[in-house]
Amino acid sequence: MREFPNPEDQMEVLCRGCEKILTPEELRQKLAERRPLRVKLGVDPTSPDIHLGHTVALAKMRQFQDLGHTGVLILGSFTAMIGDPTGRSVTRPQLTKEEVLANAATYQEQAFKVLDFERTEVVFNGDWFFKMSYEEVLRLNSLVTMQQMLQREDFRERIERGHPIRAHEIQYPIMQGWDSVMVRADVELGGTDQLFNVLVGRDFQAHQGQPLQVAMLMPILVGTDGTQKMSKSLGNAIGVTEEPEQMFGKIMSIPDSALRQYYELLLGETLDPNAHPMEQKKNLAYRIVARFHSHAAAKAALDNFVTRFSKRDLATAELPKFTPPPNLSTTALSLTAAAYESCFGLTPSRSEIRRLIQGGSVQWNGKKLTNPNATISITDGGVLKLDKIRAVRIIPQKS
RNA sequence: GGGUAGGUUCCGGAGCGGUCAAACGGGGCGGACUGUAAAUCCGCUGGCUUACGCCUUCGCAGGUUCGAAUCCUGCCCUGCCCA
């Protein structure tokens, strides 16, 4: 049996960065029991990737693990199909069982970039919810009131605006609460927006005669737009599996105003108010890339960033290579379209590319191409800049 | 079940027989500036086309008309009030 550090020392580490703890006193008491606490974090595999926003709570769980506690990672194989209505003004699209399970697999793998495998229990809430009878569901429902459920900000707002709330949506907090009972959670981690759901868990535990879980809520990380919560569906997320270059770039593009928050939530550090924001951002980007890839990758990404964007030296920068197929017409339009597709997997319509070119986005060796139909005489190593952040190096096919 | 108001392009929201690929705002993208920041200014924002132009879109299906997002019929969906 492992020796746990003294509860007060643990408190010091664990409370750091938390926005809200209900209640610190309860946590202290649990720590004083000197046993491994069961620390719950529920994630819904609604999309296959996790992003930096998710890692905030994962990192907190890791801190618990490093102190000897047990992380209980609940993959919401069932709840993902319902969709958490938290912070939503629209009903979530429901996923199929297959989609959810596939997502769960990759999700799990990614979570272990942060978590300690040895001290993690992974469970699927479908294990109990898929088996529940209607009768049991009703019984569970009778434990809460409609008014409690509808008190939630997001529901209230929808009611006010005349937007529909489907009956299944109010089940979400109920299910999340039941999860806590099923895993006998001592602590539940989540973002501040999870307060309501976590409290339902406490009610259920009380009802079942279990000790109440402590709620530890982390601030919500904003996305690359610096305003809204990081979320894949809002398109402002930085995924943990993104390529080093891309990850680095996205971090560089966050507004300065979000920098402090990123430092606190991702690095657990306070920002030096005297340092230049850009330098701090580079430091942040470097460390995040190093965390999810490697120091070598981070160094390379930094160097390339400096060459490409600070020195604006596309000629020597590391760029994706593009070899135009032999039968491809060498007009600006066709070449750009092919480069987007083969190097970035993007398939903008030809009209869209035409507009980009006419708008001056596309450059060939530093010169704007404004005529979509102009023919480009390809040279070995020539640089085709597609837009603000994308460029490719042309390598003609050897004949 | 009854009454009533609605369903428009990513979102909000105009349009109410031709001049509508559809005002305006937001968001997004691009350009200038810059630190891939912020602010500001400018442009773009259905598809195909070198272009004239053609094609698909206004909940769904039919219909009336030379012509429909706009009128008619049926259906589906949503809010609100009543039960």
Side-chain angles (χ1 to χ4, degrees), chain A residues 87-91 93 150 155-167 169 222-229 231-238 242-263 271 273 275-286 288-289 301-314 317-319 329-337 340 344 346-363 366-376 384-391:
Chain A
R88 287 226 147 201
S89 54
V90 206
T91 309
L150 296 178
F155 285 149
R156 260 208 317 253
E157 194 181 303
R158 284 208 243 167
I159 290 170
E160 251 166 58
R161 301 173 119 203
H163 290 172
I165 300 171
R166 324 246 30 148
E169 294 185 74
V222 295
T224 50
D225 59 335
T227 327
Q228 293 184 279
K229 156 183 186 176
S231 132
K232 198 172 177 194
S233 52
L234 291 173
N236 63 3
I238 305 176
E242 290 191 51
E243 292 304 305
E245 295 271 314
Q246 202 172 9
M247 191 182 259
F248 198 98
K250 282 193 180 180
I251 295 171
M252 292 306 289
S253 76
I254 63 169
D256 290 357
S257 57
L259 200 48
R260 165 181 295 277
Q261 198 193 36
Y262 272 62
Y263 258 68
L271 194 63
H276 190 289
M278 190 184 54
E279 291 307 322
Q280 301 225 312
K281 235 185 259 180
K282 280 185 190 163
N283 177 34
L284 172 73
Y286 180 95
I288 298 296
V289 174
L302 171 64
D303 289 345
N304 207 233
F305 179 86
V306 171
T307 341
R308 275 190 70 176
F309 298 105
S310 303
K311 297 184 186 154
R312 289 162 199 255
D313 177 10
L314 286 177
E318 184 76 27
L319 300 174
S329 124
T330 56
T331 57
L333 185 62
S334 299
L335 214 52
T336 306
Y340 261 114
F344 303 100
L346 300 172
T347 50
S349 69
R350 289 176 76 86
S351 302
E352 211 169 332
I353 291 173
R354 193 186 313 276
R355 283 186 228 113
L356 272 181
I357 295 173
Q358 284 165 345
S361 171
V362 179
Q363 297 181 9
K367 288 223 305 250
K368 282 185 188 174
L369 298 167
T370 46
N371 177 6
N373 301 306
T375 308
I376 295 175
L384 185 68
K385 183 170 183 249
L386 305 178
D387 55 40
K388 208 186 286 195
I389 58 172
R390 283 176 272 263

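Residue numbers begin at 1 in each chain, while the letters A, B, ... track the order of the sequences.
The separation of B:G47 from B:U56, taken at their C1' atoms, amounts to 7 Å, rounded to a whole angstrom. For the P atoms, the distance linking B:C42 with B:G25 amounts to 12 Å, nearest Å. Taking atom C1' on both B:G53 and B:A32, the two are 34 Å apart, rounded to the nearest angstrom. Taking the C1' atoms as reference points, B:G62 lies 30 Å from B:C48, given to the whole Å. Comparing B:A23 with B:U8, their C1' atoms sit 13 Å apart, to the nearest whole Å. With both ends at atom P, the span from B:U70 to B:G6 equals 15 Å, rounded to whole Å. Taking the C1' atoms as reference points, B:A69 lies 15 Å from B:G46, given to the whole Å. For the P atom pair drawn from B:G59 and B:A14, the interatomic distance equals 14 Å after rounding to whole Å.
Closest to the side chain of A:Lys281, from the set B:U78, B:A38, B:G35, is B:G35. Nearest nucleotide to the A:Ser351 side chain, out of B:G35, B:U36, B:C48: B:C48. Checking B:C29, B:U78, B:G35 against every side-chain atom of A:Pro164, the shortest atom distance belongs to B:U78. Across B:U50, B:G47, B:G30, the shortest atom-to-atom separation from the side chain of A:Asn373 is found for B:U50. Each of B:U36, B:G31, B:G30 was ranked by its minimum atom distance to the side chain of A:Phe309; first place goes to B:U36. Comparing B:G30, B:G35, B:A32 by their nearest atom to the side chain of A:Lys368 picks out B:A32. Checking B:A51, B:G46, B:A37 against the side-chain heavy atoms of A:Arg354 singles out B:A51 as nearest. Checking B:U36, B:G31, B:U50 against every side-chain atom of A:Phe305, the shortest atom distance belongs to B:U36.
Distance, A:Glu352 CD to B:U45 P: 11 Å, rounded to whole Å. Whole-Å rounding puts the A:Leu314 CG to B:U36 C1' distance at 12 Å. The separation between A:Gln363 atom CD and B:G30 atom P is 13 Å, rounded to whole Å. Nucleotide B:C29 holds its P atom 19 Å from the CD1 atom of A:Ile357, rounded to whole Å. Rounded to whole Å, atom C1' of B:U49 lies 12 Å from atom CD of A:Gln358. When rounded to the nearest whole Å, the span between NE2 of A:His163 and P of B:G13 equals 7 Å. Atom pair A:Arg158:CZ and B:U78:P shows a separation of 14 Å (rounding to whole Å applied). Rounded to whole angstrom, the span from the CD1 atom of A:Ile254 across to the P atom of B:A37 amounts to 12 Å.
Residues A:Asn283 and A:Tyr263 are in side-chain contact: their nearest non-hydrogen atoms beyond the backbone lie under 4.5 Å apart. For the pair A:Glu318 and A:Thr307, the minimum side-chain heavy-atom distance is 4.5 Å or more. By the 4.5 Å heavy-atom criterion applied to side chains, A:Arg308 and A:Leu319 are counted as neighbours. Using a 4.5 Å heavy-atom cutoff, the side chains of A:Lys281 and A:Tyr262 are not in contact. Using a 4.5 Å heavy-atom cutoff, the side chains of A:Leu369 and A:Leu384 are in contact.
Taking only side-chain nitrogens and oxygens, A:Ser349 comes nearer than 4.0 Å to OP1 or OP2 of B:C48. Distances shorter than 4.0 Å separate none of the side-chain N or O atoms of A:Arg308 from OP1 or OP2 on B:U36. Under 4.0 angstrom from either OP1 or OP2 of B:G35 there lies no side-chain N or O belonging to A:Ser310. Look at A:Ser253 and you won't find any side-chain N or O under 4.0 angstrom from OP1 or OP2 of B:A37. Within the 4.0 Å cut-off from OP1 or OP2 of B:U78, at least one side-chain nitrogen or oxygen of A:Arg166 is found. Side-chain N/O atoms of A:Arg355 include none lying less than 4.0 angstrom from OP1 or OP2 on B:C48. For A:Arg312 and B:U36, the shortest distance from a side-chain N or O to OP1 or OP2 is below 4.0 Å.
Note on A:Pro255: only backbone sugar-phosphate atoms sit closer than 4.0 angstrom, heavy atoms only; bases stay farther off. Heavy atoms of A:Ile389 sit under 4.0 angstrom from at least one base atom. Among the protein residues, A:Gly249 comes within range of the nucleic acid bases, having at least one heavy atom under 4.0 Å from a base atom. Residue contacts for A:Asp387: at a heavy-atom cut-off of 4.0 Å it reaches the sugar-phosphate backbone alone, with no base atom in range.
RNA chain B is contacted by both A:Val362 and A:Gly162; A:Val362 maps to the nucleotide lying nearer its 5′ end (nearest heavy atom per residue). The residue among A:Leu386 and A:Ile159 whose nearest nucleotide of RNA chain B lies closer to the 5′ end is A:Leu386.
To the nearest 0.5 Å, atom CG of residue A:Leu356 and atom CG of residue A:Asp387 are 7.0 Å apart. For the atom pair A:Arg350 CZ and A:Ile357 CD1, the distance stands at 9.0 Å (nearest 0.5 Å). Between the CZ atom in A:Phe305 and the CD1 atom in A:Ile251 there is a gap of 11.0 Å [rounded to 0.5 Å].
A 3.5 Å limit on both hydrogen-bonding distances identifies no Watson-Crick or G-U partner for B:C20. Base pairing of B:G6: its partner is B:C77, meeting the Watson-Crick or G-U wobble criterion (both donor-acceptor distances under 3.5 Å). Searching all strands for a Watson-Crick or G-U wobble partner of B:G28 with both distances below 3.5 Å returns B:C44. The partner of B:G1, taking Watson-Crick or G-U wobble pairs whose two distances both stay under 3.5 Å, is B:C82.
Open room surrounds CD on A:Glu243; 12 or fewer heavy atoms of other groups in view lie less than 6.0 Å from it.
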